[in-house]
Amino acid sequence: MRRTHTCCELGANDAGAEVVLMGWVQRRRDHGGVIFVDLRDRDGITQVVFNPEVSSMVHEKAHVLRSEYVIGIRGKVEKRLEGMANPNLKTGEIEVFATELNIFNAAETPPFMIEDNVDVSENVRLKYRHIDLRRTLLQKNIINRHRAAASVRQYLNSRRFIDIETPVLTRSTPEGARDYLVPSRVNPGLFYALPQSPQIFKQLLMIAGFDRYYQIVKCFRDEDLRADRQPEFTQIDMEMSFVGEDEVMDIAQGLMVKLFKDVLDIDLNVPFPRLSYEDAVGRFGLDKPDIRFGLELVDISDIVEKAGFKVFSDAVNKGGKVKALNAKGCLNFTRKEIDDLADFVSVYRAKGLAWIKVHEESWQSPIAKFFSDEEKEALARKIDMQAGDLVFFVADQPKVVDEALGHLRNLLGKKRGLIQENTFSFVWVTRFPLLEYDENEKRYQALHHPFTAPLEEDYDLLEKDPLSVRSRAYDLVLNGSEIGGGSIRIHQKNLQERVFEALGMDRKTYEEKFGFLLSALDSGAPPHGGIAFGFDRLVMILCGQSSIRDVIPFPKTQKAACLLTNAPSEAGKAQLEELSLRIKKL
RNA sequence: GGGGGUGUAGCUCAGCUCUGGUUAGAGCGCCGGCCUGUCAAGCCGGAGGUCGCGAGUUCAAGUCUCGUCACUCCCGCCA
C-alpha cells in the first residue's frame, strides 16, 4: 500500500480515481449498515465510507475502528450526491469508498478530543503534548513557524548574510540574566554556561571579517517565566559590519515586510515610525508603546507643583512627577470600576489613582477642591478636558508614574475597544539610556548590554553623568510588544574600557572577563551592529496567539518543567560523581 | 521571593461562600445494543469518583481552618 494523496487534496475532479489515503481516525459514525470515518492527516480531513455493498469484508473490519487509530485505505473517489456535500470540508464534495483497510495501529482513547474549540487545562495538554499537537490549531501554528523561519532565511540569504553556528557550551558572563550552567566532567569544578545570546560570538565574527551573519538560534535564560517568556527560546540573530543604525533598521524592516507577506500575505508600510526612548516613555509611559491608539499621557507637574494638593506637589518636589491620562468619554465609569483600576495600577507600585469626572458644568472628583480656578483652567487646557471625560492621575517617582499610567493606558485601550484587531503597528524606539542604576545592587547596569555604543555626542558624559548618556540601541515594538532589539556596538578598545568602567568594573575584572574581546577589538575590528528578534514572540503574533507556548512544540511550564518527559529530573549517583558534584540536602 | 485565579468522572464544569447533613451531579467522551447517508449522526442501556495531597475542627467535611503540591496570570526578575 502506497499513499497517493493527502487528506485535503481530493475534489470533484478526482471522481472515479482509485486512491490510497493514510492517517488518523478523527471520528467514526457507525450506522450499522454503513460506516463513515473522517480520516485526518496534517493537511486535512477526507470522509471515508465503508459500505457492505462495496466490500462486506472491509466493512466488517471497519467496525473496530476508534478515534486516533492509524489506518491506510484504498478506495474509489466518488462525487457526493446532490445535497450531501459538506461545505465545511475542503474535500467535502467527495468521499472515498474503501475497498481495502489496513490498520497500522490501534490507539487508546485519547485523554481529550482532538478539536480546536475544546479547551483543556494546560497541564493535561502538556502531559500529552504529542496528542495536543495533533489539533489543527497547533499544527497550523507550528507549520507557520516553519514558514516564518524559511522566509527569514530566504530574505537574509539573498542579502549576503551568512548562517553561522556559534557555541552552545560557552562561558558565563557577569552581566545580564541568570545563566544555565553545565558542569564540565573533564574540568572538575568548572562550568560552561548556555548562551543568553550569541552576542560576543557574532561580534567576533564581524571582527573575523564575515561582514554579515545570521542565525536562528536557541538562547537560554534562567529567569522566571511568563506567558511570553520561556527559559529556552529562539532568536533571529544578525550582525552587520560597516553600518550604522539606518542600515540595520532598513534590513530589519525589509525582513518584517517579507515575513508578513510570506506568512500572512499582508503588505506592511515602511519605514516604520521612530520614537526616541524619551518620547516613547513621555507620551505612552512604556518603552514598548502600543501606538494603535492615542490616549497619550500628559505631564502636568508644572501646573500642580505649587498646588494645594500635597500628594501632587510633594511628589514633584521630591523629584517625581504627576501625569494625567484622559479617558475620553469614560464619564460613566462606576465607582467600582475606578476602584478596580486603582487596584490595577497599585501592581506597578502606584500608591493611588486620582481622578476627575468632567461634567458639563462641574467636576466630580475627590481632589478638585484642592485646585484654584486658575490651576483648574490650566489643567483643563493642557489635558484637553471636555464634558464626558474621565481623567486619571498618578503622582510618584517618574518610573512609577510612567509604568502605572502606561499599563493603565493599555488596559483602557483594550477595555474601550480602541484597539483595532488585525492591525500590525510597528514602531522603532531609539536612543535608549546607556545605563540605569540598580537600586538593589547599588551600581550601574547596562540597559541593553555592555557592548552597546554610546551616542558620540554623549561620550563626555560617560564619566561626568553616566545616567544621561544615550546609546545607539534600538528596539522594534509591535502592537505594544517588544519583538526585537539591537544596537551599534563598540568597536574600539578604549571606548569599551570606558563603558566597562562606567559600569563600575575595575580593570582587573574586565580584563579577566572580557580580555579576549578587548584584544579582539584591538586586532582590527570594523564598525558593526546588529539586531535580534524574539522568534517565538514574532510567531505568536503572526499566529494570533496570546501565549508563546502555543507556537512552541514542546514548551515548559511556569516552573520550567517539561510535563511530557518530566524534565528536570534527578541525576544518578554515578553521574554526579563523574562531574564532581554533590547535592546539598535542604 | 510576593500577589491573584484554578484543581470534583477520561475531558469541560456544577455543587463549595452567606448556610457542613441521605447514595456527589450534568454535558461530551467511553463501553454494549439497535440502526445504510452521517459529517458535533440518532435512539436505548451501562460503566466510570482517593472531590489535588496532608493535617485539624466537628457526631458529621467536596463544603470550614491550616499546611502543602501542581497548573496559570501578574509583580519582582528577564544584559
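Below, chain A is the first sequence line, B the second, and so on; all start at residue 1. Side-chain atoms are counted along with the backbone in the values below, which use heavy atoms only and exclude waters and symmetry mates.
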Across the strands shown, which category fits Leu225(A) at heavy-atom distances under 4.0 angstrom: base, sugar-phosphate, nothing?
nothing
Pick base, sugar-phosphate or nothing for Thr173(A), based on heavy-atom distances below 4.0 Å to the nucleic acid.
nothing
Between G56(B) and G49(B), how many Å separate the two C1' atoms, rounded to a whole number?
24 Å
Short question: side chain of Glu245(A), backbone of Tyr474(A) - any donor-acceptor pair under 3.5 Å?
no
What interatomic distance, in whole Å, is found between P of U12(B) and the corresponding atom of A40(B)?
22 Å
Distances under 3.5 Å between protein N/O atoms and the N/O atoms of nucleotides 38-45 of chain B, please, pair by pair.
residue: U38(B); atom: O4'; partner: His31(A); partner atom: NE2; Å: 3.4
residue: U38(B); atom: O2'; partner: Arg29(A); partner atom: NE; Å: 3.3
residue: U38(B); atom: O2; partner: Arg29(A); partner atom: NE; Å: 2.7
residue: U38(B); atom: O2; partner: Arg29(A); partner atom: NH2; Å: 3.2
residue: U38(B); atom: O2; partner: Gln47(A); partner atom: OE1; Å: 3.3
residue: U38(B); atom: N3; partner: Gln47(A); partner atom: OE1; Å: 3.0
residue: U38(B); atom: N3; partner: Gln47(A); partner atom: NE2; Å: 2.9
residue: U38(B); atom: O4; partner: Gln47(A); partner atom: NE2; Å: 2.8
residue: U38(B); atom: O4; partner: Arg80(A); partner atom: NH1; Å: 3.3
residue: C39(B); atom: O4'; partner: Arg29(A); partner atom: NE; Å: 3.1
residue: C39(B); atom: O2; partner: Gln47(A); partner atom: OE1; Å: 3.3
residue: C39(B); atom: O2; partner: Asn86(A); partner atom: ND2; Å: 3.0
residue: C39(B); atom: N3; partner: Arg80(A); partner atom: NH1; Å: 2.6
residue: C39(B); atom: N4; partner: Arg80(A); partner atom: NH1; Å: 3.3
residue: C39(B); atom: N4; partner: Met84(A); partner atom: O; Å: 2.5
residue: A41(B); atom: OP1; partner: Arg27(A); partner atom: NE; Å: 3.2
residue: A41(B); atom: OP2; partner: Arg27(A); partner atom: NE; Å: 3.1
residue: A41(B); atom: OP2; partner: Arg29(A); partner atom: NH1; Å: 3.3
residue: A41(B); atom: N6; partner: Asp30(A); partner atom: O; Å: 3.0

Give one of base, sugar-phosphate or nothing for Asp119(A), where a contact means two heavy atoms less than 4.0 Å apart.
sugar-phosphate
Calculate the interatomic distance between Asp475(A) atom CG and C78(B) atom P; express it in whole Å.
15 Å
Nucleotide of U12(B), C78(B), G76(B) approaching Arg349(A) most closely (side-chain heavy atoms):
G76(B)
Side chains of Ser67(A) and Thr109(A) in contact at under 4.5 Å (non-hydrogen atoms)
no
Would you kindly give the CG-to-C1' distance between Asn123(A) and C73(B), to the nearest whole Å?
15 Å
For U72(B) and U63(B), measure between their C1' atoms and round to the nearest Å.
24 Å
Protein-nucleotide distance (Asp343(A), atom CG; G5(B), atom C1'), rounded to Å:
15 Å
Do Lys323(A) and Pro398(A) have side chains that approach each other closer than 4.5 Å (heavy atoms only, starting at C-beta)?
no
Within the structure, does a side-chain N or O atom of Thr557(A) lie under 4.0 Å from either OP1 or OP2 of C71(B)?
yes
Any base atoms under 4.0 Å from Arg66(A), or only sugar-phosphate, or nothing? Heavy atoms, all strands.
sugar-phosphate
Classify the ring geometry of His59(A) against His63(A): parallel below 30°, tilted from 30° to 60°, perpendicular beyond 60°.
perpendicular
Quote, to the nearest angstrom, the C1' distance that separates A41(B) from C35(B).
11 Å
So that I can tick it off, tell me whether Lys79(A) and Glu95(A) are bridged by a salt bridge, with the cut-off set at under 4.0 angstrom between side-chain N and carboxylate O.
no
Atom P, compared across U38(B) and G46(B): separation rounded to whole Å
28 Å
Please report the distance separating the C1' of C13(B) from the corresponding atom of U22(B), rounded so that it comes out in whole Å.
24 Å
Looking at every strand, decide which applies to Phe97(A) at a 4.0 Å heavy-atom threshold: base, sugar-phosphate, or nothing.
base
Length of the line joining Leu447(A):CG and C77(B):C1', which is rounded to integer Å
14 Å
Checking all strands, does Tyr348(A) fall into the base, sugar-phosphate, or nothing category for heavy-atom contacts under 4.0 angstrom?
sugar-phosphate
Find the distance Arg178(A):CZ to C78(B):P and express it as a whole number of Å.
8 Å
Distance between C1' atoms of C18(B) and G54(B) (Å, rounded):
28 Å
Using whole Å, report how far CD of Glu232(A) lies from P of C78(B).
20 Å
Close side-chain approach of Leu564(A) to Leu126(A), heavy-atom, < 4.5 Å
no
Nearest whole Å is fine: how far is C78(B) C1' from Lys556(A) NZ?
17 Å
Residue pairs passing the ring-ring contact (aromatic ring centres under 6.0 Å, His included) test with at least one member in residues 105-132 of chain A, sequence neighbours excluded, are none
What is the distance, rounded to the nearest whole Å, between atom CD of Glu482(A) and atom C1' of C78(B)?
10 Å
Any chance NZ of Lys76(A) has more than 12 other-residue heavy atoms, nucleotides or ligands included, within less than 6.0 Å?
no
Please output the side-chain donor-acceptor pairs of residues 341-351 of chain A that fall under 3.5 Å, not counting sequence neighbours, one pair per line with the distance.
residue: Ser346(A); atom: OG; partner: Asp343(A); partner atom: O; Å: 2.6
residue: Lys351(A); atom: NZ; partner: Asp396(A); partner atom: OD1; Å: 3.3
residue: Lys351(A); atom: NZ; partner: Asp396(A); partner atom: OD2; Å: 2.7

When the P atoms of C16(B) and U57(B) are compared, how many Å lie between them, rounded to an integer?
25 Å
For Pro52(A), answer base if it contacts any base atom (sugar-phosphate contacts may also be present), sugar-phosphate if it contacts only those atoms, and nothing otherwise; contact means non-hydrogen atoms under 4.0 Å.
base
Does a distance-only test, which skips hydrogens and angles, find a donor-acceptor pair under 3.5 Å between the side chain of Arg125(A) and the base of C71(B)?
no
